[in-house]
Protein chains: 2
Amino acid sequence: MTNIKDVAKQAGVSASTVSRVLSGKNCVNRETRRKVLEAARALDYSPNVLAKGLKMGRSNTIALMVPSIENEIFPTIARGVEDTARKSGYTVILCNTYEDVAVEQAYINKLRTRWIDGFIVASMLPNSDHIRSLWEDGFPVVLLSRYYGDPVDAVIVDNVQAAYDAVNYLIRGGHKRIALALGRKELPFYADRWAGYRAALADNGLPYDERLVLHETNGTNSFYHLTKELVKSDLRPDAIFATSDPKAVVVMRALHDCGLRIPGDISVIGFDNAYISSMIEPPLSTVSQPLYEMGVAAAKRLIRRIRSREDKTPAEPPSVEVMPTDLIIRRSTR
Amino acid sequence: MTNIKDVAKQAGVSASTVSRVLSGKNCVNRETRRKVLEAARALDYSPNVLAKGLKMGRSNTIALMVPSIENEIFPTIARGVEDTARKSGYTVILCNTYEDVAVEQAYINKLRTRWIDGFIVASMLPNSDHIRSLWEDGFPVVLLSRYYGDPVDAVIVDNVQAAYDAVNYLIRGGHKRIALALGRKELPFYADRWAGYRAALADNGLPYDERLVLHETNGTNSFYHLTKELVKSDLRPDAIFATSDPKAVVVMRALHDCGLRIPGDISVIGFDNAYISSMIEPPLSTVSQPLYEMGVAAAKRLIRRIRSREDKTPAEPPSVEVMPTDLIIRRSTR
DNA sequence: GAGTGCTATGAAAACGTTTTCAAAGCGGCT
DNA sequence: AGCCGCTTTGAAAACGTTTTCATAGCACTC
């Protein structure tokens with residue numbers, strides 16, 4: 001590996017001068033600059049980032065913490081983050097936490113020492129105090145999708161409104177008895193979608209019936225039996241709002257196995273606009289989150305924070321960015 | 001940030017001793033060790049990885065290069081890689097290359113200078129000489145899924161055999177005219193699946209008819225029209241083998257829209273056992289690759305290479321690890 | 001009692017940068 | 001001639017580790 005001294009020797013100057021040229025300082029003679037650049041090219045020199053990072057106190061690296069990259073929404077988010085980071089000269093470290101505090105803790109410790117420049121956290125839980133300590137200790141942090149009102153930057157969607165819109169659409173379409181396939185309630189976005197569901201019912205003068213709310217027990221597949229039971233009861237709904245697309249797919253399978261037609265006998269609407277949702281039969285109506293753009297926004301925000309911290313410019317107060325959702329109507333609703 | 005000298009002062013010893021204790025050297029007095037550990041704990045010390053990496057000439061970081069993390073198989077692979085790396089003290093950098101040489105090149109250059117310890121490359125193309133130069137230059141590299149016979153470690157499945165098994169199963173089930181929904185031929189695994197398809201036909205005395213081979217034009221959706229056309233021609237097949245599950249889903253949609261019953265009128269079999277495949281109606285028969293395990297195997301192999309390079313132990317010759325596939329029969333085949 | 005070997009420790013060099021400080025060179029001014 | 005200010009450059013310190021080398025202490029052996 002050639003280092004800065006080799007380049008200096010080749011160009012007949014000192015290491016300081018090479019450093020100055022390569023980091024774009026202007027107080028260097030044109031001719032010298034030319035020689036240095038030529039020498040650097042000739043030796044195929046590229047600076048050692050570890051040494052640079054050590055000296056500068058930063059690594060140009062950010063960490064993306066997700067529950068699991070296999071979950072439907074995170075690959076797209078990760079692409080947004082990574083594309084944006086790359087364009088700004090940052091590298092992304094991927095952390096699957098499985099929502100396990102020990103794993104998160106290990107990453108945080110490890111990453112602290114790495115001089116990781118900042119975190120995008122999409123795996124926050126209400127009681128994740130080890131994550132809270134990150135921004136309390138002054139690390140740049142942006143929360144993604146899961147937000148609990150803390151004084152920290154965040155990128156989210158208005159889940160209440162989005163769910164409201166979906167349910168409202170069903171009601172306007174003439175549906176009277178709308179069931180809800182509800183994910184883990186401790187996750188804020190599911191809680192919000194639940195609230196939006198209730199609000200839409202209330203605003204349209206429909207009763208809220210707890211028996212129409214299917215609570216996830218263990219995993220997405222639990223909705224298979226829950227749906228079957230509900231449909232066979234005397235409470236058969238004319239529509240089901242699923243709080244995520246995979247849930248909607250399971251619901252549709254259950255309905256299909258009960259011999260019900262979608263949307264003839266019952267409408268189904270999902271949430272997330274996962275890739276799968278346009279592929280199944282019938283194509284699923286759903287609420288679309290701008291996942292890629294959310295990743296982009298989070299990365300931009302984080303990088304801005306990191307830079308402003310380095311520049312010692314006065315920090316702006318943290319703020320929350322609410323991204324727009326779209327209601328995408330396909331053929332699973334009438 | 002507290003550093004090793006602070007700990008040394010606190011413990012009343014020299015920095016060397018602290019370093020020795022913390023990196024587990026044995027030639028240090030019990031009592032001294034105790035004092036050092038106590039001081040380290042008291043000061044909440046953790047070593048600066050950049051400094052360590054600079055000194056040691058390694059970063060404990062590996063890079064995972066994928067075409068796009070959004071592609072069906074990569075999230076699972078990424079989990080396998082990341083879990084394994086974490087357990088061995090390595091951190092994973094995620095690189096979406098979009099199969100764009102410029103992006104790959106940028107990453108390689110960047111990562112070279114980072115003293116990235118090694119690469120897992122799942123985005124290799126036949127002409128990726130910039131990637132070839134990685135192992136030619138002595139970087140530890142493991143290829144994943146795409147392999148062209150180069151002298152380098154690789155983790156793959158036997159795509160010829162797997163496709164053979166799938167097609168053979170269809171033939172044994174009485175299918176006589178089997179179509180193929182074939183992905184980009186320049187990718188080795190698609191070429192191999194094609195070869196396996198031909199071999200199975202040949203071994204069973206069935207003719208190979210080029211008109212039954214649907215070639216992807218632009219994207220997965222191109223199979224929608226290709227399938228429709230084929231089905232309406234006088235060549236209507238009694239089964240379709242799709243070289244990936246998303247292709248199978250598109251094929252099924254086309255068949256459904258033509259009013260054909262699956263598997264009554266026509267059988268469909270896929271490849272990959274993507275999450276989606278068990279959810280759709282009817283659940284898709286498919287070939288399962290052990291994606292998670294492939295990620296694990298690639299990471300283990302890479303880490304072994306890295307370690308043996310550091311130990312200066314004589315390098316083993318590169319080898320190829322072939323993982324087993326399973327034929328998973330669901331309800332899309334009769 | 002001197003030599004030997006072993007353990008435990010510290011000082012200092014090294015890893016490859018960036019940046020501070022000092023100084024050299026030079027033109028222009030009094 | 002002396003001084004000032006500007007541009008350009010190099011020497012050296014610093015970032016936080018690990019590791020080499022040297023040495024001190026101590027128990028044995030002859």
Side-chain angles (χ1 to χ4, degrees), chain A residues 1-37 39-40 43-61 89 110-117 310-312, chain B residues 1-37 39-40 43-61 89 110-117 310-312:
Chain A
M1 272 298 159
T2 93
N3 63 20
I4 202 170
K5 283 184 189 163
D6 299 331
V7 179
K9 198 180 299 175
Q10 171 95 358
V13 299
S14 76
S16 333
T17 303
V18 176
S19 172
R20 275 187 276 257
V21 171
L22 264 33
S23 45
K25 297 281 193 306
N26 44 0
C27 56
V28 49
N29 185 283
R30 286 183 74 109
E31 177 59 15
T32 319
R33 153 167 283 130
R34 198 194 53 71
K35 278 192 304 186
V36 168
L37 290 176
L43 296 179
D44 190 24
Y45 168 74
S46 44
N48 180 321
V49 226
L50 262 51
K52 194 168 184 160
L54 172 60
K55 183 63 192 170
M56 311 280 277
R58 68 177 139 87
S59 61
N60 283 321
T61 300
K110 195 161 144 202
L111 298 185
R112 271 175 195 272
T113 77
R114 264 200 138 252
W115 299 84
I116 280 289
D117 294 340
E310 282 168 6
D311 300 347
K312 310 276 186 204
Chain B
M1 274 296 162
T2 90
N3 62 21
I4 202 170
K5 282 184 191 163
D6 299 332
V7 179
K9 198 180 298 174
Q10 172 93 1
V13 299
S14 76
S16 331
T17 303
V18 176
S19 171
R20 274 187 275 258
V21 171
L22 264 34
S23 44
K25 298 280 192 306
N26 45 359
C27 56
V28 48
N29 186 283
R30 285 183 74 108
E31 177 58 15
T32 319
R33 152 167 285 126
R34 197 194 54 72
K35 279 192 305 186
V36 168
L37 290 176
L43 296 179
D44 192 23
Y45 167 75
S46 44
N48 181 320
V49 224
L50 263 51
K52 193 167 185 160
L54 172 61
K55 184 62 193 171
M56 312 279 278
R58 68 176 138 87
S59 60
N60 282 323
T61 300
K110 198 162 142 200
L111 297 185
R112 270 175 195 273
T113 77
R114 265 199 137 253
W115 298 82
I116 280 290
D117 294 340
E310 282 168 5
D311 300 348
K312 310 277 187 205

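Keep in mind it's a predicted model, so treat the numbers as computed, not measured.
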Seminar exercise, completed: Reading nucleotides 7-12 of chain C from 5' to 3' and marking B where a protein heavy atom lies under 4.0 Å of the base, S where only the sugar-phosphate is that close, and - otherwise, the string is -SBBBB

Any donor and acceptor pair, going by atom type alone, linking the side chain of [X] with main-chain N or O of [Y] inside 3.5 Å?
| X | Y | result |
| --- | --- | --- |
| N3(B) | D6(B) | yes |
| T61(A) | S59(A) | yes |
| D117(B) | N60(B) | yes |
| S19(A) | A15(A) | no |

Exercise. What is the distance from atom CE of M1(A) to atom CZ of R112(B), rounded to the nearest 0.5 Å?
Worked result: 6.5 Å

Exercise. Between atom CG of L111(B) and atom CD1 of I116(B), what is the distance when rounded to the nearest 0.5 Å?
Worked result: 5.0 Å

Exercise. With V18(B), which of V13(B), T32(B), L37(B) fulfils side chain to side chain contact (heavy atoms under 4.5 Å, CB included)?
Worked result: V13(B)

Nucleotide [N], atom [atom2] - distance to [atom1] of [X] in whole Å:
| X | N | atom1 | atom2 | result |
| --- | --- | --- | --- | --- |
| K25(A) | dT7(D) | NZ | P | 16 Å |
| R58(A) | dG16(D) | CZ | P | 15 Å |
| L22(B) | dG16(D) | CG | C1' | 13 Å |

For this session: Please round to 10 degrees the angle between the axis of the first five pairs and the axis of the last five pairs in the helix from dG1(C)-dC30(D) to dT30(C)-dA1(D).
Result: 70°

Exercise. Mind checking whether P47(B) and I4(B) have side chains closer than 4.5 Å, heavy atoms only?
Worked result: no

Problem set entry | Test item: R20(B) and T17(B) side chains (from C-beta on) under 4.5 Å apart, heavy atoms | yes

Exercise. Heavy atoms under 4.0 Å, any strand shown: does M56(A) hit a base, just sugar-phosphate, or nothing?
Worked result: sugar-phosphate

Distances for protein N or O near nucleotides 22-27 of chain C N or O, under 3.5 Å:
none

Which heavy atom of [X] sits nearest a heavy atom of [Y], and at what distance?
| X | Y | result |
| --- | --- | --- |
| S14(A) | A8(A) | C-CB, 3.6 Å |
| R33(A) | V28(A) | NH2-CG1, 3.5 Å |
| Q10(A) | L43(A) | CB-CD1, 4.0 Å |

Seminar exercise, completed: Here the residues of residues 45-55 of chain A within 4.0 Å heavy-atom distance, strictly under, of DNA chain D are L54(A), K55(A)

For this session: Identify, residue by residue, the members of residues 2-11 of chain B with a heavy atom below 4.0 Å from DNA chain D, and return them in order of residue number, or none.
Result: N3(B), I4(B)

For this session: Give the intermediate values and the outcome of side-chain contact (heavy atoms from CB on, under 4.5 Å) for residues D44(B) and T2(B).
Result: CA-CA 8 Å; D44(B) 192 23; T2(B) 90; over 6 Å; no

Seminar exercise, completed: Hits for side chain to side chain donor-acceptor pair (under 3.5 Å) against N48(A), two or more places apart or cross-chain, chain-then-number order -> W115(B)

